[in-house]
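Small disclaimer: the values here were computed from a predicted structure and weren't measured. Chain identifiers are assigned alphabetically (A, B, ...) following the order of the sequence lines, protein sequences preceding nucleic acid strands; residue numbering begins at 1 within each chain.
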Amino acid sequence: MKTPREDPPGRGRASTPSGLPLKPFYPTARPPDAPGEFPFTRGIHSDMYRNRLWTFRQYAGFGSVRSTNERFRYLLSQGQSGLSVAFDLPTQIGYDSDDPIALGEVGKVGVPISSTQDVTDLFEGIPLDLVSVSMTINSTAAMLIAFLVTAMKRGGGIPAKLRGTVQNDMLKEFISRRTHRFPVKHSMRLVMDIFEYCQTELPHWNPISVSGYHMREAGSTAVDEVAFTIANAIEYVEAARSRGLSVQEVTRSISFFWNAHNHLFEEVAKFRAARRIWARVVRDRFKVQDPECSKMRFHAQTGGSTLTYDEPENNAVRVTVQALAAVLGGVQSLHTNGIDEAIGLPSETAARVALRTQQILAHESGIADVADPLGGSALVESLTDELEQRALEVMGRIEAMGGALAAVLEGYQESAIEEEAYRHQRAVETRERVVVGVNYFRAETGARLVAQKVPPELERERIETVRKRKRARSSAQVAALRSDLRADVTAGKNAVECLVRSAGGDLTIGEMASTLAEVFGEHVE
Amino acid sequence: MRRTRKFPIRVLLAKPGLDGHDRGIKVIVRALRDAGMEVIYMGLRVSPDSIAKAALEEDADAVGVSNLSGAHTTLFPEVVKQLEASGVDLRRVVLFGGGTIPPDDQQELRTFGYRAIFGPGTTTDEIIDFLEKEVPSE
């Protein structure tokens, strides 16, 4: 791109990036409700972070099981308060590391996990009854829960003590994240099997993290991020209700995952509006009176797609503003991106700076001292109302289509996101939207970072390990376990329970997933 | 200046491997179509073998592959291998790629036969200009 000298647009800009109108100034306003009071616009706790800070939860995982265990221990030793596991794509889609389809992908975007033994090794030296674990896993969430429960039992622990979350949000996989494996209908069944299993067996485990993050990354507006995500959440609760599960318990255990994007005030308004919408959905639609169930708890991650390859140091500033938005918006746990996000996995330095960004905000900036410090700002209250209204309109459209699942099958959300992504790209290229250091204020000799690479020999070693472990088992026993799994899942038994038995017999994730695929089929685009 | 052509450029685009990041490739599909090209987008998880077969069947002038999961060093050379095995002449068909691909890997992939590798921050105009220039107008 050229290196222009002229001033960028933006002075006197009359709307937010998502199109909410902006006045030149705002008179004063009264905040709608108090922090900790329904509908929780101002946050889910009256004392917010005074009592307890949000959880610093950096998403990590790469290379091998051992290197990921080391990174986890490093992050915990540096003051991180919870774990968040990134799995590689074969694990997320249900292939063993030695499957030919996995070649090149093993250990690349996360840690490879094929069996119970891998999970045992992954958390070696980490007390799982004390440290909560969030797992970004969807199509194969049931298998990862099975491995974790089995690893806990083998280590002499009590699975019911496990604290954490599985993402388990399949609808957004079909819309934007795309690690789907099984057809939509069967994917929904697995989501519900996990809900059911967690209600009876894992009382401290969140069975889902309904995610807007990836839709925003794929290009959606803030309004659609809220609307699509809450519409998905409604679909899950409705499905749970049809399944005969306790709606009270389901709403109590649902958590959310949002993007923390660039526009500070629009983002703060987004978190506040989302909380208000969800609280009313739980009370008015699902008739759940307990306010504990209508509190929208959420994780946030700063917006990866906002970060630039050129002049990567600038990304530290973007991440800070985005993290500020999340905290001012009342976040419960947060991941801050590394400055090298646009080129690959974070280096150790980038990962440290990202964590330190949160610590500086928490301990030096003073923003954690008072609940909802922006409450009553006329701008923020007005944007909150406006965003809520617009999101409700979009949710109304989805409802009219027959709900989120029906809309997914029609490709409604996907095409809205695609449209917006293209609009954004055009706006950057025509220089209506400013990206500092890219389409304006670009240094002739911008510094570049060296990409972190996973050494190729790790993949070879990993394949060897998996093969060796598979060979050590009795093939008759493996065949019997697969046949039991196939029969039980076909008979409609809870898939997680069935998979716990499979994990106990050391079936691998690839064997489990291909057995389920024999029953369910695979999703075709 | 863009040359006038008798026939529009035919571009085959695909994502090999397991990576699901398709925001970029979908933007490119649309930008190339807006620029008057014929685009066949094969979607996600397409095997290098299927890409090669489609390149031949569709009589593509150019083939573009995208990867953002770090698997490009394995997948992109495999695409070349399959294209050559199918008899696609890479002097005539323009092969290009894109994604979060570090500069040294970009260099290496060029030696395999990639005419260009586009990294983060590339504009759609750069890709359009590249195809207009590389694909022969006769």
Side chain, backbone, both or neither: which part of [X] has a non-hydrogen atom closer than 4.5 Å to chain B?
X	answer
A/His180	both
A/Glu414	side chain
A/Glu105	both
A/Pro456	neither
A/Leu345	neither
A/Ile93	side chain

Chain A-proximal positions within residues 42-49 of chain B [heavy-atom distance under 4.5 Å]
B/Gly43, B/Leu44, B/Arg45
Inter-chain contacts: residues 66-76 of chain B against chain A, heavy atoms under 4.5 Å
B/Asn67, B/Ser69, B/Gly70, B/Ala71, B/Thr74, B/Leu75
Does a side-chain N-to-carboxylate-O contact under 4.0 Å join B/Glu132 and B/Arg5?
yes
Have [X] and [Y] got a donor and an acceptor in their side chains that come within less than 3.5 Å?
X	Y	result
A/Glu173	A/Thr179	yes
A/Asp169	A/Tyr213	no
A/Arg177	A/Gln92	yes
A/Ser415	A/Glu418	no

Heavy-atom side-chain contact between [X] and [Y] under 4.5 Å:
X	Y	value
A/Asp88	A/Val111	no
A/Lys172	A/Asn232	yes
B/Val79	B/Tyr114	yes

Can you tell which of A/Val109, A/Ile417, A/Val106, A/Leu89 has the highest number of heavy-atom pairs within less than 4.5 Å of chain B?
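Max contact count across the listed options: A/Leu89.
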Donor-acceptor contact below 3.5 Å, side chain B/Asp22 vs main chain B/Ile25
no
For B/Leu12, is there any backbone N or O sitting under 3.5 Å from a side-chain donor or acceptor partner on B/Glu58?
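Answer holds: no.
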Just checking A/His523: does its NE2 atom have more than 12 heavy atoms from other residues, nucleotides or ligands closer to it than 6.0 angstrom?
yes
Give the member of B/Thr124, B/Thr100, B/Asp104 that has the highest number of heavy-atom pairs under 4.5 Å with chain A.
B/Thr124
Select, from B/Ala31, B/Gly99, B/Gly17, the one with the greatest count of heavy-atom pairs under 4.5 Å involving chain A.
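That would be B/Ala31.
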Region of B/Asp19 in contact with chain A, defined by heavy-atom distances below 4.5 Å:
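When you check distances to chain A, atoms from both the backbone and side chain of B/Asp19 fall under 4.5 Å.
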With A/Tyr422 as reference, evaluate A/His424, A/Glu420, A/Glu419, A/Arg426 under the side-chain contact (heavy atoms from CB on, under 4.5 Å) test and give the passing residue.
A/Arg426
Of A/Met215, A/His214, A/Gln413, the one forming a side-chain contact (heavy atoms from CB on, under 4.5 Å) with A/Thr229 is A/Met215
Roughly how far, to the nearest 0.5 Å, is the CG atom of A/Asp340 from the CD atom of A/Gln452?
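Taking CD in A/Gln452 and CG in A/Asp340, the distance rounds to 6.5 Å.
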